[in-house]
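A quick write-up on the structure given underneath.
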Amino acid sequence: MYSSLLIEKENNIATLTINRPDKMNALNKTVLDELDRAIDELNADSSIRSIIITGAGPKAFVAGADISEFKGLNKEQAIAMAEKGQRIFKKIEDSSKPIVAAVNGFALGGGCELAMSCHFRLASENAKFGQPEVNLGLIPGYGGTQRLVQLIGKGKAIELLITANMVGASEAKSLGLVNQVTSAEELLSETKKILSVINTKAPLAIASCIKAANAVFDETKNGFREEVKEFGDCFGTADMTEGVNAFLEKRKAEFKGK
Ligand code: COA
């Protein structure tokens, strides 16, 4: 079904692994198309409540867009390529199910952009983040200039963008680019541990949190109004009734996502 992705499903968590380890999991056209399709498929799969994106092998999460596909592209083709990448990464950012990046090595260029489009990030101690596009006479095209500023602030973001410097996992954590650093061995189990907690919460409320938080950076929306709307919508859900009843009856809530 997929030639460059592996998908494992366990305990309502899907682990999506980008599987081109001999090319540092670089994002070629096939990977992007499959990622596009896989996110739709997992969002439609009622057995799945949350998603992990990671890379195959011990060295790389994703070392960027596939540079070999840049050769010979004209300006119009380059614009189409960036628009397509941005659309897919926005789909990840707007996913109603939480998507977490488990960054297991190099997250460079499009790899850093992919990690930043996820809702949050864990990293192994050997992870390295960077936007090295200026080394190629380029800039990020899959949302990197925007999301890096959003996540770590403009001054540090511009420094990283124009020096092409990489930052290691602990610096990435101190910058707010990653939430937690683990050993390489524990990266997936720690990520799953967090998601198994998230999976016990009300899915529609989780989706509303994501929507309201994303509205901060959407100039077509007023985030506070969005929050009021989502707050109101929660009151129409069976999960909200269940959550409130469970609290009052001193029992654990069983959320159905309805
Ligand atoms: N696109 C295409 N191929 C890539 C790639 C990319 N972004 N990143 C790595 N590869 C390929 C290499 O060409 C090499 O292929 P080969 O074995 O057929 O020659 C293979 O992956 C292994 O990479 P290599 O460079 O030999 O590994 P390394 O451990 O010496 O270095 C990196 C690792 C990640 C530092 C280095 O590969 C790199 O700088 N990659 C490009 C990063 C980048 O500029 N990304 C932004 C793109 S816009």
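In listed order, ligands and their atoms are each counted from 1.
- Side-chain atoms of R121 and F61, non-hydrogen and from C-beta on, never get closer than 4.5 Å to each other.
- Between K59 atom NZ and K128 atom NZ the span is 11.5 Å, to the nearest 0.5 Å.
- For atom 42 (C) of ligand 1, the nearest non-hydrogen atom from the set G64, A63, A164 comes from A63.
- Within a 4.0 Å radius of atom 2 (C) of ligand 1, the protein contributes at least one heavy atom.
- Set against the non-hydrogen atoms of D66, the atoms of ligand 1 under 4.0 Å away are 1 (N), 2 (C).
- There is a protein heavy atom less than 4.0 angstrom from atom 7 (N) of ligand 1.
- At least one heavy atom of K59 sits under 4.0 Å from some atom of ligand 1.
- A side chain to side chain contact (heavy atoms under 4.5 Å, CB included) with L27 is found for exactly one of N25, V31, T30, namely V31.
- Scanning for side-chain contact (heavy atoms from CB on, under 4.5 Å) contacts around S95 gives N43, K97, I99, H119, with sequence neighbours left out.
- Checking atom 12 (C) of ligand 1 against the protein gives no heavy-atom contact under 4.0 Å.
- A salt bridge between E171 and K156 is present, with a side-chain N of the basic residue lying under 4.0 Å from a carboxylate O of the acidic one.
- Put simply, the side chain of I92 reaches to within 4.5 Å of the side chain of C118, judged on heavy atoms.
- Checked against D36 for a salt bridge (charged side-chain N to carboxylate O under 4.0 Å, His left out), the options K90, R87, K29 give a single hit: R87.
- Contact annotation for D22 and ligand 1: only backbone heavy atoms (N, CA, C, O) come within less than 4.0 Å of the ligand.
- Side-chain contact between N11 and L195 is absent, with no heavy atoms from C-beta onward closer than 4.5 Å.
- For atom 26 (O) of ligand 1, no protein heavy-atom neighbour is present inside the 4.0 Å cut-off.
- Below 3.5 Å of separation, one finds no N or O of G110 facing any N or O of ligand 1.
- For atom 39 (O) of ligand 1, the nearest non-hydrogen atom of the protein is L108 CD1, 4.6 Å.
- Less than 4.0 angstrom separates atom 44 (O) of ligand 1 from at least one non-hydrogen atom of the protein.
- Inside a 4.0 Å radius of atom 36 (C) of ligand 1 there is not any protein heavy atom.
- D66 and S68 are linked by a side-chain donor-acceptor pair at a separation below 3.5 angstrom, with hydrogens and angles left out of the test.
- The protein reaches atom 15 (O) of ligand 1 closely, with a heavy atom under 4.0 angstrom from it.
- The side-chain heavy atoms of K201 and V197, taken from C-beta on, include a pair separated by under 4.5 Å.
- Of the N or O atoms in E133, none lie within a sub-3.5 Å distance of an N or O in ligand 1.
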**OP:** Applying side chain to side chain donor-acceptor pair (under 3.5 Å), run through D239 and T237 and close with a yes or a no.
**Re:** CA-CA 5 Å; D239 279 351; T237 66; 5.7 Å; no
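- Within the 4.5 Å cutoff, the side chain of L5 has heavy atoms near those of the I18 side chain.
- Residue S68 places no N or O, backbone or side chain, under 3.5 Å from any N or O of ligand 1.
- At the top of the distance list for atom 18 (O) of ligand 1, counting protein heavy atoms only, stands K23 NZ, 2.5 Å.
- In summary, the atoms of ligand 1 found under 4.0 Å from a heavy atom of P132, numbered by their order in the structure, are 43 (C), 44 (O), 45 (N), 46 (C).
- The distance criterion of under 3.5 Å between nitrogen or oxygen atoms is met by I67 with respect to ligand 1.
- The protein heavy-atom contact nearest to atom 9 (C) of ligand 1 is M24 CG, 3.5 Å.
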